[in-house]
Amino acid sequence: MPEGPSIVLLKEEVDQFTGKQVIAVCGNSKIDQSRLLNKKVIAFNSWGKHFLICFKGFALRIHFLMFGSYRINEKKDSPIRLGLTFKKGEINFYACAIKYLEGDVSTHYDFSSDVMNDEWNPKNAKAKLKAIPETLICDALLEQDIFSGVGNIIKNEVLYRVRVHPESKVGKIPAPKIKKLLDETRIYSFQFLDWKRNYELKKHWLAHTKKTCLRCNNSLIKKYTGVKKRRSFICENCQQLY
DNA sequence: TATAATGTTTGAAC
DNA sequence: AGTTCAAACATTAT
């Protein structure tokens, strides 16, 4: 479920509840559920993969991790982690991590690192990359403080598109290539959003889960790369190792 | 049916 | 004190 664009879609789906009052709360979440009762949702927000429900003076942070899910105005056949009922409709969350954030969400997040946010600032990301020259780019792209919202799919697709080997050291990648990579991260994330919206995301994968390179027809190598050991799909012919 | 997968936090071990 | 690592959590498609 995760990756930033999916959270943007969730925000769109729950927009119908903006300004509405929570009239019932349920679920197996250990948070203080009574705190939410009769509270009005001020706004839905997000930072990377964090989904934020803002109330007066605090917010609820929901992280879907690997397997989390949700249903709007319906239930699925598994235990509800947290369910919010409104006068007209409901939101149900499953298998996610939930916690309260006190005060305004802006005090908790730097939105300029969120690749889906209007405030996204590639210059900040560039500076953060400069500070970690020894880090492999496959790890750097998954760093949420640098590229909030980027997950393993976006990582693989971006690296394939800009022809950079996942195991390249950040400090060795030429500046123009870094620029391209920053640009493509933003571009692909929004393509991801469009494609996901139309249920055709997988159709557009060029590298992720693929077996052959569509550019040179070589076999793609599947390898668990970097400190994070997430799988990468690599064309050793087309992707430059720096 | 076993396995792997769009992820992160925690706490022990080094 | 830093890092490294396994474990934990949890669901679903292949």
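Chain identifiers are assigned alphabetically (A, B, ...) following the order of the sequence lines, protein sequences preceding nucleic acid strands; residue numbering begins at 1 within each chain. Basis for what follows: all heavy atoms, side chains included, without hydrogens, waters or symmetry-related copies. Treat the numbers as computed from the prediction; the structure is a model and nothing was measured.
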Quiz item: B:dG7 P sits how many Å from A:Ile154 CD1, rounded?
Solution: 9 Å
Quiz item: So is A:Arg61 actually on top of A:Tyr100's ring, under 6.0 Å and inside 45° of the axis?
Solution: no
Self-check item: Of the listed nucleotides C:dT11, B:dG7, B:dA5, the one nearest the side chain of A:Ala95
Solution: C:dT11
Quiz item: Using the P atom in both, what is the distance from B:dA4 to C:dA6, to the nearest Å?
Solution: 15 Å
Quiz item: If we take the P atom in both B:dT3 and C:dA7, what is their distance in whole Å?
Solution: 15 Å
Practice problem: Round to the nearest Å and state the distance from A:Asn152 atom CG to B:dT6 atom P. | Solution: 5 Å
Quiz prompt | Nucleotide opposite B:dT6 in a Watson-Crick or G-U pair, distances under 3.5 Å | solution = none
Self-check item: Atom-to-atom span, NE2 of A:His50 to C1' of B:dT8 - whole angstrom
Solution: 8 Å
Quiz item: Hey, is NZ on A:Lys20 packed in by over 12 heavy atoms from elsewhere, all under 6.0 Å?
Solution: no
Self-check item: Any side-chain donor near an acceptor of the partner, A:Asn92 and A:Arg71, under 3.5 Å
Solution: no
Quiz item: Got a sec? Which of residues 71-83 of chain A come in under 4.0 Å of DNA chain C, heavy atoms?
Solution: A:Lys76, A:Arg81
Quiz item: B:dT8 C1' sits how many Å from A:Asp139 CG, rounded?
Solution: 14 Å
Quiz item: Which nucleotide sits closest to the side chain of A:Lys222: B:dG7, B:dA5, B:dT6?
Solution: B:dA5
Self-check item: Partner nucleotide, any strand, of C:dA10 [Watson-Crick/G-U, under 3.5 Å]
Solution: none
Quiz prompt | Rounded distance in Å - CZ (A:Arg230) to P (B:dT6) | solution = 5 Å
Quiz item: Below 4.0 angstrom from OP1 or OP2 of B:dT6, is there any side-chain N or O of A:Lys49?
Solution: no
Practice problem: Rounded off to whole Å, could you give me the NZ-to-C1' distance for the A:Lys228 and B:dA5 pair? | Solution: 17 Å
Quiz prompt | Any A:Ile62 side-chain heavy atom under 4.5 Å of A:Ile53 side chain | solution = yes
Quiz prompt | Under-4.0 Å salt bridge between A:Glu102 and A:Lys56 | solution = no
Exercise. Give a yes/no answer on whether the side chain of A:Tyr224 brings an N or O atom under 4.0 Å of OP1 or OP2 in B:dA5.
Key: yes
Practice problem: Using only side-chain N and O atoms of A:His208, determine if any of them is under 4.0 Å from OP1 or OP2 of B:dT6. | Solution: yes
Quiz item: Taking the six-membered ring for Trp, are A:His50 and A:Tyr109 ring centroids under 6.0 Å apart?
Solution: yes
Exercise. Report the distance from atom CZ of A:Phe58 to atom CG of A:Leu101, rounding to the nearest 0.5 Å.
Key: 10.5 Å
Quiz item: Using a cut-off of less than 4.0 Å, is there contact between a side-chain N or O of A:Arg231 and OP1 or OP2 of B:dA5?
Solution: yes
Self-check item: Length of the CG-P vector between A:Asn156 and B:dA5, whole Å
Solution: 11 Å
